[in-house]
4 protein chains.
Amino acid sequence: MAEKAENSGKAQKSRNVERPEQSEAKAPDSSRRSERSRRAIYDAALALVGEAGYGRTTIEGIAARAGVGKQTIYRWWPSKAEVLLEAFLERGDRAAASDPALPDTGDLEADLKQVLRATVDELTDPGFEAPYRALAAEGVIDPDLGAQFARKLLEPGLQLYVHRLRAAQDAGQVDPDIDARTAVELLVGPLTHRWLLRTLPLTHAYADSLVEYALRGIAVR
Amino acid sequence: MAEKAENSGKAQKSRNVERPEQSEAKAPDSSRRSERSRRAIYDAALALVGEAGYGRTTIEGIAARAGVGKQTIYRWWPSKAEVLLEAFLERGDRAAASDPALPDTGDLEADLKQVLRATVDELTDPGFEAPYRALAAEGVIDPDLGAQFARKLLEPGLQLYVHRLRAAQDAGQVDPDIDARTAVELLVGPLTHRWLLRTLPLTHAYADSLVEYALRGIAVR
Amino acid sequence: MAEKAENSGKAQKSRNVERPEQSEAKAPDSSRRSERSRRAIYDAALALVGEAGYGRTTIEGIAARAGVGKQTIYRWWPSKAEVLLEAFLERGDRAAASDPALPDTGDLEADLKQVLRATVDELTDPGFEAPYRALAAEGVIDPDLGAQFARKLLEPGLQLYVHRLRAAQDAGQVDPDIDARTAVELLVGPLTHRWLLRTLPLTHAYADSLVEYALRGIAVR
Amino acid sequence: MAEKAENSGKAQKSRNVERPEQSEAKAPDSSRRSERSRRAIYDAALALVGEAGYGRTTIEGIAARAGVGKQTIYRWWPSKAEVLLEAFLERGDRAAASDPALPDTGDLEADLKQVLRATVDELTDPGFEAPYRALAAEGVIDPDLGAQFARKLLEPGLQLYVHRLRAAQDAGQVDPDIDARTAVELLVGPLTHRWLLRTLPLTHAYADSLVEYALRGIAVR
DNA sequence: GGCTAATCGAGACGGTACGTCCTGTCTTTGC
DNA sequence: GCAAAGACAGGACGTACCGTCTCGATTAGCC
């Protein structure tokens, strides 16, 4: 506990990192930004969250570990959470780029089971879990950050499922009247539910059951 | 964001709220506890979380608003999150007690749609949402609190669904080989997913779709 | 150089250390004040000013050296300068108490020469000089502090001279029409001038000359 | 209070403003110096010290107000105090040049009273007082700056008094055995004392008294 | 009259200290 | 002996400046 001052409301979020040309007040000049510092901050942030947890990770701590002045963090990010989000995206882009699509062997059930099992493994991987949980939790509270979290981190992954299901619909394996997006959530929603809320253990068997039940729900009648 | 010092790990300090008699060091005598202060603290905590958000709610603030010494809070709760959890339980017990079971009209689909729609309404009710989100987020990060959150707040509700589904199985409306618990998560998982992660709006139509898809998945073949 | 934020204008000076009963806003309860911390802060402040100079002495440094939280300093003093002023007074009270009057051997010139020579020695004593200069300089800039400096530190000493001169007037050694106070300043003004402004070295010979010239100026005609 | 980092000691850094040709490292080429910037900096420095006080005047503030880069200040001056000192000298040179000698009507007492009264007026003139006090205070703490302050600002003025007194000695109005320099300090020392240390108000009447007492002290016997 | 080198405005950088806020502990006083 | 009150050591917050460094863009002074 013991959070000090939620920045919600300050709202200079998403300031000008992406659109530096239209700022009204006092935008830093991103063309002169130190790439070295940016990377060092990402590394320090991810490392500290992994070691100490989100709540015990401080901006001062990140700055010190990165060998950077505090102002360099405050200049470019509006909050600790956004530092972590960008750090995560930077890392995630590589992962996403390396495997841009879900497998399609023609056997939808086998493909989905494989992917959901892999997701279970990822969500229980210690190195991945800590910062991801931290971000998710922060997004639960802060609508602004939550929206970014969903859009930048979650949606790209969900769209892969949507494409795979549409392919299955085209192949006549899934009811064409089904909304693919809702069907995707039928799969990943329960998984996320167990992971976030810790109601029951997250296992491969559970992943398999979900695929089976969900596919029955969306099968061609 | 901007939480200061996560209590993660510190939380399992004494836990003598529930078992004050076996404590090792110096348990306060709960028989002399001020009921007046306890209630005032709950009220203040819920009010402040609603007004300022979880992160901007402080123990000092709760104490001041409740007209109570800080030590009175530290004496009886190990963390800000647990104060809020108990405050919520206190309030929720009344709600749960007032309506202890899901409706059973014989029409499973109609019953579930009604309940899920009501859940959607509850999750988007401003007075309810703020502290509930705060607790959920805290539980996402803190395994200890998360376990309590799941056990005390979530499970009782989920069990109502399980009972209703078992009744439907007994009535031959649902495949008897289906695991009722997993089926429940097929319903509430996606709902929770949208609520927590804000991927898409949470609507009655979505609740209806979930019921339809899920029921097809668990229907008698 | 590089002073950061002069407190002039903030003006919550002389808050309630002396009159804790009439405060309007949020006066700390001085009856519960830690004597231990107070003394440690005085010691640390004087030591640091002596070692590093006034400008390089920081509140954080004083707090750290005294083993005290910063807030304990901010709670009781409005500025670094006032900490030092009180530290100095605490020390000075003992000195003043030990020798409450100027010598009176009947020979005014000899008495004054002795006292002024002693003053020269004091003003050039390294341990005494650093904090005294620091306070004087701060008082030069800050009218509020300067007034306190004059009233609490300077005036008591000047009054000793006034009494001695009045005794000399009563003894017929000094023109009774002379204003004793002005005569005192004729003696100590030039001394202070050389010390503060460093125009020329401060020596016993200079002290003697001042006494001679000044006594000629106020002698019985 | 709240000065941040006194530059004491750092001040003798390069001093290449006056001797740019012998520097060891990399002296800036003063022939290419921007006169425009130099004046703008002086103006900004004096204005800010007058408006906000010495402690709240920052190098960044001077640069911003002067429309100048920070480095332009750091390139040519070793400290904030020296900027102010030079700004003052620039202004003072004009004043000194316009009236290079004390009046000599033959009536020493009248001449001195006139000059001391004028000094009193100057020292209480708001526009003059703020930066002059600031410099004096800085010189009280920083020996290096204090020496410059005395040599460049004070001594020229004091020498005018010395010359006038020597003239009076030659005219047989003052004891020829008196040290003129000490006699000058007998006059201006007490005045400065009251001004710097704020013991009592600085008035024309006080100036007159000082002249009278001092002249009696140095009169021909 | 073009070349070149240094100064210029600008401002990002690694730092330090600020003064505030809150933590969790401890002590005093009253009930 | 719990409670209200609040002082305490500690530590992070976000801000303000420090003095250094690095960017183009003038702008000399020398060819």
Side-chain angles (χ1 to χ4, degrees), chain A residues 1-5 7 10 26 28-34 36-37 56 58-61 63-64 66-76 80, chain B residues 2-5 7 10 13 28-29 31-34 36-37 58-61 63-64 66-75 80, chain C residues 1-5 7 10 26 28-34 36-37 58-61 63-64 66-76 80, chain D residues 1-5 7 10 26 28-34 36-37 56 58-61 63-64 66-76 79-80:
Chain A
M1 87 283 320
E3 328 198 350
K4 193 162 134 201
N7 77 319
K10 307 258 179 115
K26 261 263 208 93
D29 178 350
S30 48
S31 72
R32 311 187 58 166
R33 185 169 183 181
S34 163
R36 207 175 162 288
S37 296
R56 275 195 288 270
T58 64
I59 301 246
E60 285 198 339
V68 136
K70 282 200 305 182
Q71 203 59 260
T72 299
I73 298 183
Y74 286 111
R75 181 153 38 231
W76 300 110
K80 186 174 66 170
Chain B
E3 329 201 349
K4 193 161 134 202
N7 73 318
K10 306 200 181 171
K13 238 176 243 182
D29 179 350
S31 72
R32 309 192 53 168
R33 185 171 182 181
S34 161
R36 207 174 160 288
S37 295
T58 66
I59 301 248
E60 285 198 340
V68 137
K70 283 199 312 182
Q71 201 57 261
T72 300
I73 298 182
Y74 285 111
R75 183 152 36 227
K80 185 174 68 169
Chain C
M1 89 287 313
E3 327 197 352
K4 193 161 133 204
N7 74 319
K10 307 262 180 109
K26 260 268 208 88
D29 179 350
S30 50
S31 72
R32 311 185 62 164
R33 184 170 184 182
S34 164
R36 207 175 162 289
S37 296
T58 66
I59 300 246
E60 286 198 338
V68 138
K70 282 202 304 182
Q71 201 60 259
T72 299
I73 299 183
Y74 285 111
R75 180 151 40 229
W76 300 110
K80 187 173 68 169
Chain D
M1 87 286 319
E3 328 199 350
K4 195 162 132 201
N7 74 318
K10 306 201 183 169
K26 37 154 56 185
D29 178 352
S30 50
S31 73
R32 310 190 57 165
R33 185 170 183 184
S34 162
R36 207 175 160 288
S37 296
R56 276 196 289 267
T58 65
I59 300 248
E60 286 198 340
V68 137
K70 284 198 312 182
Q71 200 59 262
T72 301
I73 298 183
Y74 285 111
R75 182 152 37 228
W76 301 109
S79 74
K80 185 174 69 170

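Order of the sequence lines sets the chain letters (A, B, ...), proteins ahead of strands, with each chain counted from 1.
- Listed nucleotides: F:dT15, E:dT23, F:dC18. Nearest to the side chain of A:Lys70: F:dT15.
- Residue D:Thr58 has its side chain nearest to F:dC17 when only E:dG14, F:dC17, F:dC8 are considered.
- The two atoms that bring A:Ser30 and A:Trp76 nearest to each other are CA-CH2, 3.5 Å, heavy atoms only.
- Between D:Ser37 and A:Arg36, the residue anchored nearer the 5' end of DNA chain E, judged by the nucleotide with its closest heavy atom, is D:Ser37.
- If you measure from atom CZ of C:Arg33 to atom P of F:dA5, you get 23 Å, rounded to the nearest angstrom.
- Taking the side chain of D:Ile59 as heavy atoms from C-beta on, and the options E:dT7, E:dG24, F:dC18, the nearest nucleotide is F:dC18.
- Nucleic acid contact for A:Gly61: none, since no nucleic acid atom lies under 4.0 Å from a heavy atom of the residue.
- When each of D:Ser34 and A:Glu60 is assigned the nucleotide of DNA chain E bearing its nearest heavy atom, the one mapping closer to the 5' terminus is D:Ser34.
- If you take CD1 of A:Ile73 and P of E:dC13, they are 11 Å apart, rounded to a whole angstrom.
- Separation of atoms NZ (D:Lys80) and OG1 (D:Thr58) is listed at 7.5 Å; rounding is to 0.5 Å.
- Judged as a side chain to side chain contact (heavy atoms under 4.5 Å, CB included), and not counting sequence neighbours, the contacts of A:Ser37 are A:Ser34, A:Val68, A:Thr72.
- Closest contact between the side chain of D:Thr72 and the listed nucleotides E:dT23, E:dG9, E:dG14 involves E:dG9.
- Of the candidates E:dG24, F:dC13, F:dA3, the closest approach to any side-chain atom of B:Tyr74 belongs to E:dG24.
- Residue A:Trp76 has its side chain nearest to E:dC13 when only E:dG14, F:dA7, E:dC13 are considered.
- Nearest nucleotide to the D:Asp29 side chain, out of E:dT7, E:dC13, E:dG9: E:dT7.
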Report, one pair per line, the protein and nucleotides 27-31 of chain E atoms (nitrogen or oxygen only) whose separation is under 3.5 Å.
| unit_1 | atom_1 | unit_2 | atom_2 | d |
| --- | --- | --- | --- | --- |
| E:dT27 | O2 | C:Arg32 | NH2 | 2.6 |

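- In this structure, C:Arg75 reaches the F:dC8 phosphate: one of its side-chain N or O atoms is under 4.0 Å from OP1 or OP2.
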